[in-house]
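Working notes, beginning with the structure itself.
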There are 2 protein chains.
Amino acid sequence: MARRNDHSREELRQMALDAAQFIIEAQGLTALSARKVASRMGYTVGTLYRLFEHLDDLIVQVNARTLAELNATLERAAADCPDAERCVHAATHAYIDFASRHTRRWSALYEHGIEADIQLPRHFTEQIASMYDQVEALLQSVTPQRSAEDIARAARALWGGVQGICVLALSDKLDIDRIETLSEVADSLVGTYLAGLGARH
Amino acid sequence: MARRNDHSREELRQMALDAAQFIIEAQGLTALSARKVASRMGYTVGTLYRLFEHLDDLIVQVNARTLAELNATLERAAADCPDAERCVHAATHAYIDFASRHTRRWSALYEHGIEADIQLPRHFTEQIASMYDQVEALLQSVTPQRSAEDIARAARALWGGVQGICVLALSDKLDIDRIETLSEVADSLVGTYLAGLGARH
DNA sequence: TATTATTCTGAACATTGTTCAGTTGATTGC
DNA sequence: GCAATCAACTGAACAATGTTCAGAATAATA
């Protein structure tokens, strides 16, 4: 059993996040429980509740982590492409790849929390904002003549769309038998949307 | 207390679905419980478990209902428009309207079940397919020259996109302030995508 | 009316989130 | 080095969850 002060508060927090992340990745969000997290970090439930107010706090912080990792992945993917349009496609494929490889952890991002009353913490919404910033930057390059509002709207439309396709595909609700792959549907969305952006000004 | 054979098995099933739907609409999917459903229909848990194998069965059947209702709504919205393109916009707005008015019930559609091992029942996937059929029919009118595969892909891309935007917006992850702007983002997606379809053949 | 078949109940079990009185180990003051 | 103080940590307790199933209640049948 763990002794007192073996770890600092921040270390404990990280251990809890690691444990929770592991469980979500391995068994899915619904299999997560306070006792499992605690026991995996070598402590008891009580200790966990000194680190997080509710279990929801824990989950939302794991989600913030996931989002940060996803952001970094996208940034890398969109780093060196011949042109901006191909960057968008590269980012899209990176997104799909991430969602496929870490399906459970990724799906926790939207499976969790429509509990309207509790609002998302700042560093979570910041991650979201930074994700849209990336897409905006790419779209800015694709159509430099458009206004900032147009770009903002377009980024949310396009990226919300990519996310939506992934959600449906990975929960078997895209009726995808007649279509070859998720990638193709995503390419259709991105390619056609970008073509529309070009044709429409 | 309810006596035996007051209701047929099918009546009981419907009562259970009604009760569950009511609870989800009023308090959200997470607030749903077997005992609450049972007590709302004037029976006990045991009885509920003669009607449904798991609680998940119940939920998925409520979802099928919701999807049928949504389908009907879309069909009505896309019925009489001046042209096909405006039909797509009308359907999109109808979708957003439905999702806004019945947020909790609608969000149960995707909040529930990425439990990979259990697959969705037929009459649920049928509802999904029929939804895409509608969108395909509209897109067919917009660009008659395209192949069936193209149309199928486009329908999933576009409609997955619409759904994705709604999911993010109604769970505060679209980084927008008001619900009015959700419509704007959706219009951007649909308008630009359709423009792209037109420009690209 | 007696027997059989079904419906329905509700107690039981394991597991969940969450709390908190009490223990145990570290820190401080002398 | 010892006593007093303080914070970390435990684990029992509570209400609520999904799920099961022996038995009570009632209908159908003979």
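We name chains A, B, ... by the order of the sequence lines, and we start the count at 1 in each one.
B/L32 comes within contact range of the sugar-phosphate backbone alone, with a heavy-atom separation under 4.0 Å but no base atom that close. Across all strands, A/L58 comes closer than 4.0 Å to no nucleic acid atom at all (heavy-atom distances).
Across all their heavy atoms, B/A84 and B/L138 have their closest contact at CB-O, 4.0 Å.
Within the 3.5 Å criterion, the main-chain N or O of A/Q127 finds a donor-acceptor partner in the side chain of A/N71. The backbone N or O of A/Q21 sits nowhere less than 3.5 Å from a side-chain atom of A/R65 that would complete a donor-acceptor pair. In this structure, the side chain of A/R153 does not engage the main chain of B/D187 through any donor-acceptor pair within 3.5 Å.
OP1 and OP2 of C/dT7 both lie 4.0 Å or more from every side-chain N or O belonging to B/T47. Contact annotation: A/T44 does not reach the phosphate of D/dC9 (side-chain N/O to OP1 or OP2, under 4.0 Å). Using a 4.0 Å cut-off, some side-chain N or O of A/S33 falls inside it from OP1 or OP2 of C/dT16.
Whole-Å rounding puts the A/Y49 OH to D/dA13 C1' distance at 14 Å. Rounded to whole Å, atom C1' of D/dT19 lies 13 Å from atom CG of B/D57. A straight line from CZ of A/R9 to P of D/dC9 spans 9 Å, rounded to a whole angstrom. Between the NE2 atom of A/H7 and the C1' atom of D/dA7 there is a distance of 17 Å, rounded to whole Å. One can place CG of A/L51 at 15 Å from P of C/dG17, the figure rounded to the nearest angstrom. In this entry the distance linking CZ of B/F52 with C1' of D/dT20 reads 18 Å, nearest Å. Between the CD1 atom of A/I23 and the C1' atom of C/dT16 there is a distance of 14 Å, rounded to whole Å. Following rounding to the nearest Å, A/D6 (CG) and D/dT10 (P) show an atom-to-atom distance of 10 Å.
Using a 3.5 Å distance cut-off with no hydrogens or angles, the side chains of A/E136 and A/Q140 do not pair a donor with an acceptor.
When the nearest nucleotides of DNA chain C are assigned to A/E53 and B/R35 by heavy-atom distance, the more 5′-ward of the two goes with B/R35.
The side chain of A/Y43 lies closest to D/dT10 when the candidates are C/dT9, C/dG17, D/dT10. The side chain of A/K36 approaches C/dT16 more closely than any other nucleotide in the set C/dT16, D/dT19, C/dT18. In this structure, the nucleotide among D/dC9, C/dT16, D/dG18 sitting nearest to the side chain of A/L12 is D/dC9. Closest to the side chain of B/L55, from the set C/dT16, C/dT19, D/dT19, is D/dT19.
Side chain A/R50 to base D/dT10: no donor-acceptor pair is found below 3.5 Å.
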